[in-house]
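To keep things clear, I will list the structure first and then write my remarks on it.
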Amino acid sequence: MTAVSRNAEHSFSKSNAPAIRLLAGLGVEGDTHLGVTVQHRSRVAADPTQPNLRQVHLMHAEFHDELREAGYEVTAGALGENVTTRGLDLLGLPRGTRLRLGAEAEVEITGLRNPCPQINDFRPGLLRHCVGRDADGNVVRKAGIMGVVLRGGEVRPGDPITVKLPDEPHLPLERV
């Protein structure tokens, strides 16, 4: 992990922290998306009883590098992620993958982040770099993955991440 971040308010970016605490079944302590049910404003408006499959947002630092090459200055937490990684193909992991973060915390991957048009308020034109199409015309989402906390614990930059793949067949990530 290269950074951990949280924000207690409904704003776009999250502040880096020396550590965050993951709470089983809830998410990141002190983060606005903490909860058993959905916390994202548009999802609450649609159905506030939906389970919160977006308790933790993980993003690969390589995506930040890609955005910088396209002329966008972004840093860890700037795109709303709680955990920033490097050297791990987050987007290639199957649904149900379990990630051990640090010594104790465990997160189960639920799907892909679906970036909303609000991302253009952060940096005009950024959405087109976060969502694109592959050669077959399929939508490709690049702005990280979401998960739920199975086991709580403290997580810090520099902590190792251990990957446990689910039993096959592996299911691809879909937007959540």
Side-chain angles (χ1 to χ4, degrees), residues 1-41 43 51-68 72-116 118-119 122-123 126 129-130 141-165 173 175-176:
M1 272 171 278
T2 62
V4 294
S5 311
R6 68 174 168 255
N7 188 341
E9 298 178 15
H10 276 289
S11 61
F12 191 75
S13 297
K14 298 183 186 292
S15 298
N16 294 157
I20 57 173
R21 178 162 295 285
L22 302 185
L23 303 175
L26 295 172
V28 179
E29 184 178 58
D31 192 80
T32 191
H33 292 103
L34 178 79
V36 173
T37 56
V38 295
Q39 301 298 311
H40 194 274
R41 289 178 181 172
R43 292 167 190 265
N52 187 2
L53 301 178
R54 300 164 54 105
Q55 294 174 359
V56 181
H57 178 195
L58 299 99
M59 186 175 292
H60 50 296
E62 292 84 355
F63 184 55
H64 295 159
D65 299 341
E66 179 183 323
L67 292 174
R68 277 192 288 281
Y72 295 93
E73 187 55 40
V74 292
T75 57
L79 297 177
E81 73 271 20
N82 300 108
V83 176
T84 308
T85 68
R86 184 170 289 281
L88 179 59
D89 181 13
L90 294 176
L91 302 178
L93 295 172
R95 192 170 10 161
T97 296
R98 292 181 176 198
L99 300 176
R100 167 74 59 92
L101 306 176
E104 301 174 305
E106 188 172 354
V107 172
E108 182 174 332
I109 303 309
T110 55
L112 295 166
R113 176 190 183 190
N114 188 36
C116 64
Q118 181 185 11
I119 204 162
F122 175 68
R123 299 282 188 274
L126 187 58
H129 295 280
C130 296
R141 292 172 177 85
K142 301 188 262 182
I145 61 174
M146 309 303 287
V148 294
V149 181
L150 299 178
R151 188 174 328 136
E154 191 168 271
V155 179
R156 299 178 173 280
D159 280 353
I161 300 175
T162 305
V163 177
K164 182 177 186 243
L165 296 174
L173 296 177
R175 71 182 175 101
V176 292

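Being a predicted model, the structure only gives us computed values, none of them experimental.
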Whether E108 side chain and L150 backbone form a donor-acceptor pair below 3.5 Å
no

Show the atom names and distances, to 0.1 Å, of all donor-acceptor pairs under 3.5 Å that link a side chain in residues 91-100 to residues at least two apart or in another chain.
residue: T97; atom: OG1; partner: P94; partner atom: O; Å: 2.7
residue: R100; atom: NH1; partner: A103; partner atom: O; Å: 3.3

Should the pair E73-R123 be classified as a salt bridge under the 4.0 Å nitrogen-to-oxygen rule?
no

Given the options V4, V56, V148, L34, L22 meets side chain to side chain contact (heavy atoms under 4.5 Å, CB included) only with V56

A143: what forms a side chain to side chain contact (heavy atoms under 4.5 Å, CB included) with it, not counting sequence neighbours?
M59, F63, R113, P115, C130

Only counting residues at least two apart or in another chain, list the ones meeting side chain to side chain contact (heavy atoms under 4.5 Å, CB included) with S15.
none

Would you confirm whether the ring centroid of H40 sits within less than 6.0 angstrom of the ring centroid of H10?
no

Return the CD1 to NE2 distance between I119 and H129, rounded to the nearest 0.5 Å.
10.5 Å

Applying side chain to side chain contact (heavy atoms under 4.5 Å, CB included), run through V176 and R54 and close with a yes or a no.
CA-CA 7 Å; V176 292; R54 300 164 54 105; 4.0 Å; yes

Measure the CG-CG distance between L90 and L58 for me, rounded to the nearest 0.5 Å.
6.0 Å

When every non-hydrogen atom of L79 is compared with those of F12, the smallest separation belongs to CA-CE2, 3.8 Å

Could you check whether any side-chain N or O of R86 sits under 3.5 Å from a backbone N or O of M1, counting only pairs where one atom can act as donor and the other as acceptor?
no

Worked check of side chain to side chain contact (heavy atoms under 4.5 Å, CB included) between N114 and R141:
CA-CA 7 Å; N114 188 36; R141 292 172 177 85; 2.7 Å; yes

Non-neighbouring partners of E9 that pass side chain to side chain contact (heavy atoms under 4.5 Å, CB included), sequence neighbours left out
N7

Pair I161-L88, side chain to side chain contact (heavy atoms under 4.5 Å, CB included): steps then yes or no
CA-CA 9 Å; I161 300 175; L88 179 59; 3.9 Å; yes

N82 (side chain) donor-acceptor with S5 (main chain) under 3.5 angstrom
yes

Does the D159 side chain pair with the main chain of L101, one donor and one acceptor, at a distance under 3.5 Å?
no

At their closest point, which heavy atom of V74 faces which heavy atom of F122, and how far apart are they?
CG1-CE2, 4.1 Å

If you measure from CD1 on I109 to CG on L53, what distance do you get to the nearest 0.5 Å?
11.5 Å

Using salt bridge (charged side-chain N to carboxylate O under 4.0 Å, His left out) as the criterion, list what pairs up with R151, not counting sequence neighbours.
E106

With sequence neighbours excluded, residues passing side chain to side chain contact (heavy atoms under 4.5 Å, CB included) with T84
T2, A3, A61, H64, A76, E81

If only atom types and distance count, is the side chain of Q39 paired as donor or acceptor with the main-chain N or O of T37 below 3.5 Å?
yes

Taking only Lys NZ, Arg NE, NH1 and NH2, and the carboxylate oxygens of Asp or Glu, determine whether R68 and D65 approach each other closer than 4.0 Å.
yes

Only residue of K14, R21, R6 satisfying salt bridge (charged side-chain N to carboxylate O under 4.0 Å, His left out) with D31 is K14

